Structure formats: structure tokens, C-alpha cells
There are 2 protein chains.
Amino acid sequence: MNNRTDTRERILDSAEQLLATRGYHGFSYQDISRPLGIKNAAVHYHFPTKADLGVAIVRRYRDMLKAASDGFMKFGGSARLHLEAYLDFFMKEACENQTMCPMGVLTADYFSIPESMREEGSKLEQEVFAMLIRVLEVGREQGELHFEGEPRTKAVMMMSVLQGARQLARMMGSDVLATAIEELRRELYVEPSTAAA
Amino acid sequence: MNNRTDTRERILDSAEQLLATRGYHGFSYQDISRPLGIKNAAVHYHFPTKADLGVAIVRRYRDMLKAASDGFMKFGGSARLHLEAYLDFFMKEACENQTMCPMGVLTADYFSIPESMREEGSKLEQEVFAMLIRVLEVGREQGELHFEGEPRTKAVMMMSVLQGARQLARMMGSDVLATAIEELRRELYVEPSTAAA
DNA sequence: GTCGAAACTTACTTATAAGTAAGTAACATT
DNA sequence: AATGTTACTTACTTATAAGTAAGTTTCGAC
């Protein structure tokens, strides 16, 4: 059982990395099995089809995000700190291996991935979106975050910027993502000039 | 010669569409040849390798953008109208067939496309980026556009939002992109509140 | 009317992806 | 000590992608 979980988990780790780097059609079972020193069919044992594997990756990512978010709520949970944690995590993940945002992968390959993966991706998207909106709402109430208009609109802008910048950074260099995140922080944290003077 | 150009151009049209819909690894020469009623090898005649085809698609897109931008300059060319033309074009292209932004495709598949395509993509990126920065600079001087900070930073944000929102719209629906573009316009066109009251 | 080049088609080859069926080693249970 | 289940491996099959070599048609120039 220890061994079982181990191999399964290692496959998922490797596949997640490959998916985020090369997209759904950009890697094969061989790319997973060879570096792990196992056989192709071993991967099929744990994940009969590539669709199963894809779904499992997204599901695990959802679980991880949920756990991280829940864990954060337990510590008082200021909206600003919650957001900071997310941005730090996002930035670190992006810079370490130049991967795409998981939502970026899913939307890029959207019309060529199995239906089951699309469904799982849709759930992830709704959860991330809901989380962001919630943080923005609470943050504004707490006076920690500042923005005009609907939280939903701001959430759309933030998700788009993060995903877009992370992808652009692969081609243009990581400072593009750093610039974008810095600007997002500035917009949200600095109070509008009405309070000044 | 008429016929030559015709088939070549039709191949490019079809391949461009496929690339923007399914990514570089998501389509094959068959997907191109079959609907056109030609043979697989006919595609290879015009584009010996898939890398050649990919490069040609990006190159043609660059040429098209350059022509459109140049054409716009001839008509007086207010920065705001130039930007409007680009946003309209972008929105229309996205909504008609739920394609990705060309830069989105290139960055998503970045580590699994041929080197030659990466180089061509890099040129496209620099041109789009330069164009955007220029429009922002001129627009601010003309008093048509309003934003804080460096034009480069604003350009990074805009490119990221456009690319990110266009991809997210494939999963979440086209109103996400509409919302994002509307918000971009609002930010740029509405003067900051210091001028009011 | 023939020659040659352009624009293909026919008919392959080679590699790889995804998946399966049958067998085996280890270990856990009764 | 036999039995079964888990976690694999070996050895395939099938499909498809990418590319190539050689032949064919068309059509304009000479």
C-alpha cells in the first residue's frame, strides 16, 4: 500500500509537470515511465487511459488548492494575506519550471482534451473563481483591498492577467510575470488618490 | 500560379484555424488535407515539414498585422481609434470560432514546438508589444488614453489580460472576454477622478 | 509538337502513441 | 501451505503522425 501510493503519486507528480510544461498532447506515457524506471503498462495499471490520468491530475490539484485555502482560513485569514499566499505560490510555481497555469493548460487544449477532463477543469475554474471573488469581497469590506466596480469583474481581470502573464513569461522571460503581479498588488493595495492631499 | 497560390493559401487558412483551435500537437496533415479534398502529400509539397508550416502561419500573421497597422497609420491614426480597431479585431476573431490568441498558442506550446517557430513567435511578440507601447505613449500624449506608470507596464498588463481572458472564455463563455475588454476600455478611456468635482 | 517545370497523386516507410492480454513476483490472510 | 490480491512486466496490437520517393497531369514557352 505504501509502495502503491508511492508509484501512483510519483506518476501524478511527473505527469502534472509534463502537462503543465508541454500540454496534453505534448507528452506520452513513455515520457512518464522512462524517468521513473517503470514500464509503460505500469502507468496504464494506475491510469487505464490518458483521460483518467488527466482527470486525476486536475482533481488532485483541486484538492490541494482546497486544502491550502481551508488551511489558511484557520489562521484568522485576512484577505490580503490569503491573496499574498496565493500570489507567492503562483509566482514560485511559475518561475521554478516555467510551467503554465493549470487553467491555462486546460483552456489552451480545451477542444482537444477528453470531455471528462473538461468537466473537471470546469469545476476547478469555478472554485478558483469563487475563491478569488470571496477574497476580493472580504478584502474590500475589511478595508485591506481597494478596487472599483464589481468583485466579479476584478476577479476576471486578475485571473486573466495571471494566466496570460504566466504564459507570456515563458517566451518573454520571467520579469513579465513579476511586473504583472507587482502591478496587480499596486492596484489592489494602494488606496486611490481621493484619500490623499 | 493562380492555382498554386490558391491551394497554398487555403492550406494556410485551414492550418491557422486548426493551430489556433487545437494547438500545434492537436492537428495533423490529414486534418488539413481531407476537408480541402487534396492528398496529404500535397500539403508536404507546399510545406515539407510541420515546422515549415508552423513558421509560415506565424509569418503570415505577422505580415497581416503589420499591413493592418500600417494601413491604419495612413488615416491620421488616433491612438484611440488604432486601439479600438485592434480590440474589435481581437474580439471578433475570438468570438467567431473560440480560437486562442496566436501568442497564446505559441506560449502554451512553447517548449514543444520547433525552434524555428519559437524564433518566429518571438518576432511576433516583439512587434505586437512595440505596437502596443507606441499606441499607449502616443495616446497619453494626445490625451486620449489615461493610465498610471510606465507604458511598458501597461502594455504587459493589456497583453496578459487579452490573452488570458481569450483563453478563459473558451471554458467560461465569451462574456468573460467581453467583460475584460470592457474593463480595459474603461480603465484607459475614463479620466481619473482628480479631474471630476 | 515537345520540353520542362509546377502542382500535384500514389504508394510507401518509420516511428511513436495508446491501449490490452496474459503472465509473474511479493506479500498478506486464513 | 494454499489462496488471492496488489502491483507490476512482457509482449503484443492498432492507429495515426510525419515524411519520402517516384510517377502523373497540366500548361505555357519555345
Side-chain angles (χ1 to χ4, degrees), chain A residues 1-58 60 105 109 111-118 120, chain B residues 1-58 60 105 109 111-118 120:
Chain A
M1 176 181 163
N2 193 9
N3 209 354
R4 166 194 199 153
T5 309
D6 210 49
T7 300
R8 204 190 118 97
E9 229 44 36
R10 275 199 235 173
I11 290 171
L12 277 175
D13 289 340
S14 176
E16 184 180 50
Q17 190 69 27
L18 283 161
L19 179 65
T21 305
R22 304 171 57 93
Y24 186 75
H25 301 285
F27 73 97
S28 70
Y29 272 39
Q30 282 235 16
D31 296 323
I32 297 166
S33 61
R34 192 145 13 178
L36 293 181
I38 59 179
K39 294 301 162 184
N40 218 305
V43 184
H44 279 288
Y45 170 74
H46 290 286
F47 307 98
T49 69
K50 204 176 177 184
D52 294 323
L53 177 59
V55 168
I57 294 169
V58 181
R60 193 178 68 154
V105 181
D109 294 340
F111 297 108
S112 54
I113 55 178
E115 171 69 15
S116 56
M117 244 183 119
R118 271 198 287 268
E120 201 62 30
Chain B
M1 176 182 162
N2 193 9
N3 209 354
R4 166 193 200 154
T5 308
D6 211 48
T7 300
R8 204 190 118 97
E9 227 46 33
R10 274 199 234 173
I11 290 170
L12 277 176
D13 289 339
S14 176
E16 184 180 49
Q17 190 70 26
L18 284 162
L19 179 66
T21 305
R22 305 171 56 94
Y24 186 75
H25 302 284
F27 74 97
S28 70
Y29 272 38
Q30 282 236 17
D31 296 323
I32 298 167
S33 61
R34 194 150 6 183
L36 293 181
I38 59 179
K39 294 300 161 185
N40 219 304
V43 184
H44 279 287
Y45 171 74
H46 290 286
F47 307 98
T49 70
K50 205 177 176 182
D52 294 323
L53 177 59
V55 168
I57 293 169
V58 181
R60 193 179 67 154
V105 180
D109 293 340
F111 297 109
S112 54
I113 55 177
E115 171 69 15
S116 56
M117 244 183 119
R118 271 200 287 269
E120 200 63 30

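For the numbers below, each heavy atom of this structure counts, side chains included, while hydrogens, waters and symmetry mates do not. Numbered from 1 within each chain, the chains take letters A, B, ... in sequence-line order. For clarity, every value in this text was computed on a predicted model and none was experimentally measured.
Partners of B/Asp13 according to the salt bridge (Lys or Arg N to Asp or Glu O under 4.0 Å) rule, which considers only residues two or more places apart in sequence or in another chain, are B/Arg60. Partners of A/Pro114 under the side chain to side chain contact (heavy atoms under 4.5 Å, CB included) rule, at least two apart in sequence or in another chain, are A/Tyr24, A/Ala51, A/Ser116, A/Met117. Checked against side chain to side chain contact (heavy atoms under 4.5 Å, CB included), B/Ala56 has the following partners two or more places apart in sequence or in another chain: B/Leu12, B/Phe47. Scanning for salt bridge (Lys or Arg N to Asp or Glu O under 4.0 Å) contacts around B/Arg118 gives B/Glu115, with sequence neighbours left out.
In this structure, B/Tyr45 places its OH atom 15 Å from C1' of D/dG23, rounding to the nearest Å. Whole-Å rounding puts the A/Phe47 CZ to C/dA17 C1' distance at 18 Å. Put simply, CG on A/Asp31 is 11 Å from C1' on C/dT16, counting in whole angstrom units.
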Using a 3.5 Å cut-off and no angle test, enumerate the donor-acceptor pairs between side-chain atoms of residues 32-39 of chain B and protein atoms at least two apart in sequence or in another chain.
from, atom 1, to, atom 2, distance (Å)
B/Ser33, OG, B/Tyr29, O, 3.2
B/Ser33, OG, B/Gln30, O, 3.4
B/Arg34, NH2, B/Gln30, OE1, 2.7

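Relative to the side chain of B/Thr49, the nucleotides C/dG19, D/dG19, C/dA17 differ in distance, and D/dG19 lies closest. Of the candidates C/dG19, D/dA18, C/dC8, C/dG19 carries the atom nearest the A/Lys50 side chain, counting heavy atoms from C-beta on.
A heavy-atom distance below 4.0 Å to DNA chain D is reached by these residues of residues 33-44 of chain B, ordered by number: B/Ala41, B/His44.
Dashed line: the shortest gap from a side-chain N or O of A/Thr7 to OP1 or OP2 of D/dC8 is under 4.0 Å. Between A/Tyr29 and the phosphate of C/dA18, there is no side-chain N or O to OP1/OP2 separation shorter than 4.0 Å.
Side-chain atoms of A/Thr7 and A/His46 include no donor-acceptor pair closer than 3.5 Å.
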